[in-house]
2 protein chains.
Amino acid sequence: MKKLKRVTSMDVAKEAGVSRATVSYILNDVQGVSIKETTKKKVIQAAKKLGYYPDSMAVALKTNKAMSIGIVSKRNISEQRYIKFLDGVKSAIGDNYSIILCSDHVDNFGYPEYYSYYKRKKIDGILFLSFQEHLAEEKIDDYLHMSVEENIPIVFADYHLNNQMVNCVDINYYHGAYMAASYLIKNGQKEIIYLTPDFDTEQEQQRRKGVEDAVNEHKGIKLIKTPISTDNDKEIEAVIKILSKKDEYSAIITSWSKMAYTVLYQAQQLNISIPDEISVIALAGSNFDVYTYPRLTTCNLPLFELGQKSAERLMNMLTDANTLPLNITLPCKLKERDSTKGI
Amino acid sequence: MKKLKRVTSMDVAKEAGVSRATVSYILNDVQGVSIKETTKKKVIQAAKKLGYYPDSMAVALKTNKAMSIGIVSKRNISEQRYIKFLDGVKSAIGDNYSIILCSDHVDNFGYPEYYSYYKRKKIDGILFLSFQEHLAEEKIDDYLHMSVEENIPIVFADYHLNNQMVNCVDINYYHGAYMAASYLIKNGQKEIIYLTPDFDTEQEQQRRKGVEDAVNEHKGIKLIKTPISTDNDKEIEAVIKILSKKDEYSAIITSWSKMAYTVLYQAQQLNISIPDEISVIALAGSNFDVYTYPRLTTCNLPLFELGQKSAERLMNMLTDANTLPLNITLPCKLKERDSTKGI
DNA sequence: CTGTTAGCGCTTTCAT
DNA sequence: ATGAAAGCGCTAACAG
């Protein structure tokens with residue numbers, strides 16, 4: 001196999017009869033140097049003719065910029081939501097930056113992958129996407145430390161940090177939950193059962209507060225909070241038990257759509273009519289919501305926007321070191337479908 | 001903000017009282033040079049103490065290896081399947097390589113992103129994941145050309161190429177479809193309706209052939225092939241029409257699970273009992289299959305393995321330039337659930 | 001066994 | 001308006 005030599009800026013320079021510096025100026029469109037149009041044309045021609053591609057590693061070494069950002073998420077990568085986030089990120093970073101997927105798996109160096117990548121300059125900054133289901137508090141402190149003390153450009157996506165020292169883009173779970181509960185109440189539901197996961201995260205606290213506030217604003221609404229195990233079998237068992245006492249309530253709120261799917265499924269099994277007997281609403285949506293029977297009413301999370309805004313923040317930090325940290329909160333949107341009914 | 005200087009191998013060398021070369025030898029565990037244990041210890045200590053991380057850009061420039069691979073997929077990134085593939089890739093490439101997401105969006109240079117990345121040495125090789133729904137044939141030729149003529153390390157995942165010059169990892173859609181149809185026939189179904197997308201890809205051809213072969217192997221089985229529009233509304237309309245003629249068949253095969261969801265949903269609407277009146281099976285599964293009512297019987301695609309095997313092949317090419325191209329075909333697995341019934 | 005040194009390909013200051 | 005040259009941090013061939 002013939003190993004052909006790489007075309008360098010030197011080659012282009014020779015071909016065009018100029019120096020390497022000129023080539024660099026022209027191809028990078030450097031401000032502050034004015035170059036004759038004819039020279040410009042010549043160089044561009046030569047580059048095209050020779051098939052010149054600047055070596056990004058050499059550029060990176062020189063400029064001290066990898067032109068890549070790392071995305072790290074402890075969340076189950078299988079989650080569809082992760083992908084929507086990615087889409088948003090992609091839309092915001094433009095053609096010049098690339099996305100490197102990193103884990104927080106500890107590597108040979110004894111450091112999490114994202115950290116090593118940064119220290120080794122493979123990435124210029126980091127986007128943390130929270131692991132919704134098991135947000136470990138100790139880790140957060142590490143992250144914060146990195147961001148503040150080590151001055152690593154980091155944006156926290158879907159973290160409710162309330163820390164003015166760091167950039168974070170959050171989803172307004174409180175308001176989403178508030179909207180969902182209010183919607184139910186407006187539709188005449190008086191006894192509401194609220195299925196929450198059996199662990200406590202900032203996110204779930206926000207939701208709980210949202211639901212409670214909505215309930216407290218009205219007289220005579222009864223709210224029953226029921227923690228549900230994340231274990232599949234236990235979840236099913238719990239849902240069946242709850243459905244067997246359907247006379248005690250008229251509506252169900254679930255923190256996640258997955259729980260709502262289970263409710264819908266088991267309701268069918270038990271011949272309980274949704275929404276006639278029970279209204280069901282989930283505080284997070286997914287693509288499948290239109291395929292359940294009946295179609296699931298949800299509070300949609302702005303995942304694309306989450307990715308987009310987070311990436312925008314990161315880009316700002318990267319291009320302007322003096323960017324002030326910002327805490328941004330994104331609203332949810334209620335999507336009414338067939339699992340809830342009006343009065 | 002104090003801009004602290006980067007720790008270089010020079011610093012480590014000084015700290016340990018050796019030369020940079022020695023540092024490099026030790027930290028990279030270079031074969032063929034033997035170094036005193038004490039020196040080794042000293043250097044490793046020094047590196048740790050100083051917090052030394054080799055600059056990957058400098059390494060890349062020197063070694064001519066980016067230690068990154070690019071993944072490109074025209075398929076809707078929102079697809080959940082994409083993620084499983086990614087998981088598989090990650091599992092195969094190990095800690096030393098990273099994954100860069102690339103599009104085939106044409107950049108400033110007039111070349112698709114993945115191509116530029118390769119030419120600019122941001123990635124060492126490319127993993128193409130087919131765009132299932134609209135596999136454009138002209139593009140394939142470009143890809144093949146790149147792989148063969150330009151000698152770019154490429155692995156085609158989920159492409160049915162049958163070209164011995166290139167590496168490709170394919171899913172055995174034929175056999176999957178054959179299994180699904182056989183399963184239905186074994187369960188006593190005599191009239192089967194087969195819903196295919198209204199466009200023609202290699203993949204769909206394989207499936208069609210699989211279904212047909214299974215049918216032809218048995219006497220007295222009637223097969224009705226019906227193309228379905230990918231347009232959502234039209235799909236629903238078509239499904240309703242088909243369900244209205246439910247006396248003409250006893251089982252439905254769909255190419256995708258999404259179609260099957262629509263069938264299941266509309267069957268509920270029309271009060272048709274699945275699987276009692278009609279058995280339903282999809283030739284591709286998804287996470288949601290356990291939440292439909294009834295739970296959907298599917299032919300599961302080996303997406304994780306697809307990523308894994310593809311990445312393995314690419315790694316082979318990268319480490320050994322003489323690796324012979326291989327065409328690998330991965331089997332599907334039938335997952336029996338509640339939307340089909342036995343005799 | 002360890003040190004010296006020459007680049008890898010690029011940007012960018014300084015000089016012309 | 002353009003060129004010469006230094007040097008980013010590393011590896012590896014060669015010297016000792």
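Just the heavy atoms: all of them, side chains too, but no hydrogens, waters or symmetry mates, feed the values below. Note on naming: letters A, B, ... go to the chains in the order of the sequence lines (proteins, then strands), and numbering restarts at 1 for each one.
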Select from A/Thr38 and B/Val7 the residue whose nearest nucleotide in DNA chain D is closer to the 5' end of that strand.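 Going by which nucleotide is closer to the 5' end, it is A/Thr38.
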Quickly work out the [X] [atom1] to [N] [atom2] distance and round it to whole Å.
X       : N      : atom1 : atom2 : result
B/Asp29 : D/dT11 : CG    : P     : 13 Å
B/Tyr52 : D/dG9  : OH    : C1'   : 7 Å
B/Lys40 : C/dT2  : NZ    : C1'   : 14 Å
B/Asp11 : D/dC8  : CG    : P     : 11 Å
A/Asp55 : D/dG9  : CG    : C1'   : 14 Å
B/Met57 : D/dT11 : CE    : P     : 14 Å
B/Lys42 : C/dT2  : NZ    : P     : 8 Å
A/Asn64 : C/dG9  : CG    : P     : 20 Å

Show each protein N/O and nucleotides 3-6 of chain D N/O combination with a separation under 3.5 Å, one pair to a line.
unit_1	atom_1	unit_2	atom_2	d
D/dG3	OP2	A/Ser19	N	2.6
D/dG3	OP2	A/Ser19	OG	3.2
D/dG3	OP2	A/Thr22	OG1	2.8
D/dG3	O6	A/Tyr25	OH	3.3

State the NZ-CG distance between A/Lys62 and B/Leu61, to the nearest 0.5 angstrom. 11.5 Å
For [X], check side-chain hydrogen bond (donor to acceptor under 3.5 Å, both in side chains) against everything at least two apart and list the hits.
X        : value
A/Thr63  : none
B/Glu305 : none
A/Thr323 : none

If only side-chain N and O atoms of B/Ser24 are considered, is one of them under 4.0 Å from the OP1 or OP2 phosphate oxygen of D/dA12?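 Answer is no, no contact under 4.0 Å.
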Quick one: is A/Thr39 getting a side-chain N or O under 4.0 Å of the D/dA1 phosphate, OP1 or OP2?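 For D/dA1, OP1/OP2 do not have a side-chain N/O of A/Thr39 under 4.0 Å.
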Nucleotide nearest B/Leu61 when distance is taken to its side chain, options D/dT11, D/dG9, D/dT2: D/dG9
Regarding the side chain of B/Val59, the nearest nucleotide among D/dG9, D/dA1, D/dT11 is D/dT11
Contacts under 3.5 angstrom, residues 30-45 of chain A side chains, donor-acceptor by atom type, not counting sequence neighbours:
unit_1	atom_1	unit_2	atom_2	d
A/Gln31	NE2	A/Asp29	O	3.3

All salt bridge (charged side-chain N to carboxylate O under 4.0 Å, His left out) counterparts of B/Lys121, not counting sequence neighbours: A/Asp55
Is any NZ, NE, NH1 or NH2 atom of the basic residue among A/Glu150 and A/Lys119 found under 4.0 Å from an Asp or Glu carboxylate oxygen of the other? yes
